[in-house]
Every structure is written in C-alpha cells, then in structure tokens.
Amino acid sequence: IMAGKIVADTLEHSTAGSVDTQYVVNGSAKAWATLDGTGTIAFRDSFNHSSSTDNGTGDYTFTFTNALSNRNRCVNYTINYDEGTGRPYVPTEIGTPSSTTSRVDNSVSNSPSDADCEDCYLTVHGDLA
C-alpha cells in the first residue's frame with residue numbers, strides 16, 4: 001500500500017475554469033446530515049456525524065465524528081414545513097456552541113410547545129481541528 005499527499009494551490013477543470021484550493025478547504029461544509037426526527041430518530045444520510053440524540057420532543061443533538069477546531073462555526077438548521085398540521089416551525093440551534101456537537105430545537109410558531117419533524121437538515125461550516 002502506498003500512501004501519499006497531493007499538494008496543489010489551484011484546481012483546474014478542463015472547461016469550467018479554476019479555483020484556489022483555499023476556497024475548497026475553507027468553503028466546504030465540514031459536517032452535514034439529514035435526520036428523521038420522528039419515533040426512533042435516525043440519520044437518512046450524513047457526513048462527519050457519529051450519532052444523534054433525542055433529548056425530547058423536537059430537541060436533538062448532532063455529534064460530529066471529527067471535532068471542529070473551536071466553537072466558532074456556522075450552523076444552518078432547517079426542517080420541512082408540516083403540511084399535515086399546517087403548523088409552521090421555528091428551527092433553532094440552542095445551548096452553548098461546541099466544537100463536537102450541535103443541539104437544535106423545533107419550536108412551534110405561536111405556541112409554547114416543540115414538535116418532532118420528519119425531515120431535519122443540518123449543515124456546519126468551520127475549521128476542523
């Protein structure tokens with residue numbers, strides 16, 4: 001088995017132009033997941049996520065396989081609108097930011113309650129440790 005390293009400052013496509021590799025390194029999502037948040041929650045697909053935890057109704061923790069370098073990261077959390085109930089949700093990251101987890105919550109708009117959601121999506125940008 002041969003191990004090696006490719007070093008490049010620019011990536012070039014034969015017809016689509018080129019890009020500095022720093023844009024690829026710094027601009028790529030470091031973790032993403034799609035989660036079924038109903039019943040026994042489960043990832044449908046994910047990248048750099050080792051597990052998910054159901055903390056209660058509409059409250060989930062996503063755990064990263066590889067930690068970020070610090071808690072200064074950008075999290076985008078979205079969910080599908082539930083047409084069956086007609087209730088709009090307010091998806092939010094909650095708790096103290098962490099380099100190893102992201103805790104999120106699905107609040108029901110105009111209500112003090114939370115709700116599970118069948119389609120939850122999380123994307124994380126930042127620097128890996």
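Each residue takes its place number in the sequence, starting with 1. Only a predicted model underlies this, so the values are computations on that prediction, with no experimental measurement involved. Quick note: numbers below take in every heavy atom, side chains included, and nothing from hydrogens, waters or symmetry partners.
- In this pair, His49 and Phe43 present their aromatic rings tilted. The plane angle is within the 30 to 60° band.
- Distance check, rounded to the nearest 0.5 Å: OG of Ser46 to CZ of Phe64 gives 11.5 Å.
- If you check the side chains of Asp59 and Thr57, you find no donor sitting under 3.5 Å from an acceptor.
- Looking at Arg73 and Ser99, their side chains never come closer than 4.5 Å, going by heavy atoms from C-beta outward.
- Between Tyr121 and Pro91 there is no side-chain heavy-atom pair separated by less than 4.5 Å.
- Between Ser102 and Glu93, the shortest heavy-atom distance links the atoms OG-OE2, 2.8 Å.
- The distance from atom OG1 of Thr63 to atom CZ of Arg103, rounded to the nearest 0.5 Å, is 11.5 Å.
- Counting only distance, with no hydrogens or angles, the side chain of Thr21 and the backbone of Ala8 share a donor-acceptor pair below 3.5 Å.
- Using modelled atom types and a 3.5 Å distance limit, the side chains of Asn55 and Thr61 yield a donor-acceptor pair.
- The shortest distance between side-chain heavy atoms of Val75 and Leu122 falls below 4.5 Å.
- Using a distance-only test at 3.5 Å, with no hydrogens or angles considered, no donor-acceptor pair links the side chain of Arg71 to the main chain of Thr96.
- The cluster map of Ile, Leu, Val, Met, Phe, Trp and Tyr, joined by side-chain heavy atoms under 4.5 Å apart, puts Ile94 and Tyr89 in different clusters.
- Using a distance-only test at 3.5 Å, with no hydrogens or angles considered, no donor-acceptor pair links the side chain of Thr100 to the main chain of Ala67.
- Leu128 is listed as a side-chain neighbour of Asn48, based on a closest heavy-atom distance under 4.5 Å.
- The main-chain N or O of Ser50 is found under 3.5 Å from a side-chain atom of Thr65 such that the two form a donor-acceptor pair.
- One N or O on the side chain of Asp116 and one on the backbone of Gly58 form a donor-acceptor pair closer than 3.5 Å.
- Put simply, CG on Asp9 and CG on Asp20 are 7.0 Å apart, with the number rounded to the nearest 0.5 Å.
- A donor atom on one side chain and an acceptor atom on the other are found under 3.5 Å apart for Tyr77 and Asn106.
- Although no hydrogens or angles enter the test, the distance criterion places a donor-acceptor pair under 3.5 Å between the side chain of Thr92 and the main chain of Val90.
- Separating the OG atom in Ser98 from the CG atom in Asn70 is a distance of 10.5 Å, to the nearest 0.5 Å.
- In this structure, the side chain to side chain donor-acceptor pair (under 3.5 Å) partners of Thr38, at least two apart in sequence or on a different chain, are Asp36.
- Ala29 and Thr123 get closest at one heavy-atom pair: CB-CG2, 3.8 Å.
- Between Leu68 and Lys30 there is a side-chain heavy-atom pair separated by less than 4.5 Å.
- Counting heavy atoms from C-beta on, the side chains of Thr53 and Thr101 never come closer than 4.5 Å.
- Contact of the Cys120 side chain with the Tyr60 side chain is registered, since non-hydrogen atoms from C-beta on lie closer than 4.5 Å.
- Between Ser18 and His13, the closest side-chain pair of non-hydrogen atoms is not below 4.5 Å.
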